[in-house]
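Just so we're clear, the structure is a prediction, and the values are computed from it rather than from any experiment. Numbering of residues begins at 1 and proceeds along the displayed sequence.
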Amino acid sequence: GIGTGDFIQVSGTSSCATTAVSAASGSSATFTVTCSSDGTVVMGLRADSVVRSGMTGPVNTVSASSVTIDSSVPTATVSLESIDSSKTTLVYEIAFSEVVSDISLTDFVKASGSATCQSTAVTAASGSTVSFTVTCTVGGSLQMKLLANSVTDGTNLGPLSVTQTSSVTVGPVVASTPSGTSVADT
């Protein structure tokens, strides 16, 4: 019969072991591999591990394709990099825990506040550090957020939860004139 000991780790940087086999006999079997670390793994069917009609085989270990094990989910830290003198254009830097891709303007959005603002530029679609430019048309309080599961490391989506900025006050500041009309104070 076929058992967990018949499937072995042939090579790789990850530490893995076969923990289950779907069938003890038959023409096909699925085996489950559990890995205790990230890296690569090549599993194989051990030589002379299968018996059929009194014959054993395969003659040599049969290797599967290499598989990459990646259990780390990207995380992010957001910080205010700069704000212009009129307080209408802000640049936020997002540092990811690893290189990610699929970064777009729609990933960094307003979380709360009275200001009217939106992301208008991002420095890259992939990388470990990117900057978002946020432009505001109406002043007030503003808190931005990076959406959960908005980027990928090629295997895992992240960050697992929303990553919010600190709240800031942005312009333009609207002041009253003696005649009761409003003008932008820049």
Same cluster or not: are Leu157 and Val162 linked, directly or through other Ile, Leu, Val, Met, Phe, Trp or Tyr residues, by side-chain heavy atoms under 4.5 angstrom apart?
-> no

Would Leu80 end up clustered with Val78 when hydrophobic side chains under 4.5 Å apart are linked, directly or stepwise?
-> yes

Distance flag, aromatic centroids of Tyr92 and Phe132, threshold under 6.0 Å | no

Side-chain ([X]) to main-chain ([Y]) donor-acceptor, under 3.5 angstrom:
X: Asp84; Y: Thr89; value: yes
X: Gln9; Y: Met43; value: no
X: Thr40; Y: Val67; value: no
X: Thr116; Y: Thr137; value: no
X: Arg46; Y: Gly5; value: yes
X: Thr75; Y: Pro159; value: no
X: Gln143; Y: Ala111; value: no
X: Lys110; Y: Lys145; value: no
X: Ser14; Y: Ser37; value: yes
X: Thr56; Y: Asp48; value: no

Give me the other members of the hydrophobic cluster that Val109 sits in, counting Ile, Leu, Val, Met, Phe, Trp and Tyr linked by side-chain heavy atoms under 4.5 Å, directly or via other members.
-> Leu147

Residue pair Ser71 / Asp38, side-chain donor-acceptor N/O under 3.5 Å | yes

Looking just at side-chain N and O atoms, do Glu81 and Ser131 make a donor-acceptor pair shorter than 3.5 Å?
-> yes

If you take all heavy atoms of [X] and [Y], which pair is closest and at what distance?
X: Ile2; Y: Asp6; answer: CA-OD2, 3.2 Å
X: Val151; Y: Ile103; answer: CG1-CG1, 3.7 Å
X: Thr106; Y: Ser104; answer: OG1-OG, 2.9 Å
X: Gly127; Y: Phe96; answer: O-CD1, 4.1 Å
X: Pro74; Y: Ser97; answer: CA-OG, 3.5 Å

Using a 4.5 Å cut-off on heavy atoms from C-beta on, say whether the side chain of [Y] contacts that of [X].
X: Ser72; Y: Glu98; answer: yes
X: Val134; Y: Met144; answer: yes
X: Leu45; Y: Val50; answer: yes
X: Thr30; Y: Val21; answer: no
X: Thr19; Y: Thr4; answer: no
X: Ile94; Y: Leu146; answer: yes
X: Phe108; Y: Val122; answer: no
X: Ile69; Y: Val41; answer: yes

What's the spacing between Phe7 CZ and Cys16 SG if we round to 0.5 Å?
-> 15.0 Å

Value for CG (Leu142) from OG (Ser114), rounded to nearest 0.5 Å, stands at 9.0 Å

Apply side-chain contact (heavy atoms from CB on, under 4.5 Å) to Val170 and Leu90, showing your working.
-> CA-CA 9 Å; Val170 298; Leu90 300 87; 3.7 Å; yes

Could you give me the CA-CA distance, side-chain angles and deciding distance for Ser101 and Ser126, then say whether side chain to side chain donor-acceptor pair (under 3.5 Å) is met?
-> CA-CA 4 Å; Ser101 60; Ser126 64; over 6 Å; no

Output, in order, the C-alpha distance, side-chain angles, deciding distance and verdict of side-chain contact (heavy atoms from CB on, under 4.5 Å) for Thr77 and Thr163.
-> CA-CA 7 Å; Thr77 304; Thr163 305; over 6 Å; no

Does the side chain to side chain donor-acceptor pair (under 3.5 Å) test come out yes or no for Thr68 and Asp70, once each step is laid out?
-> CA-CA 6 Å; Thr68 299; Asp70 179 4; over 6 Å; no

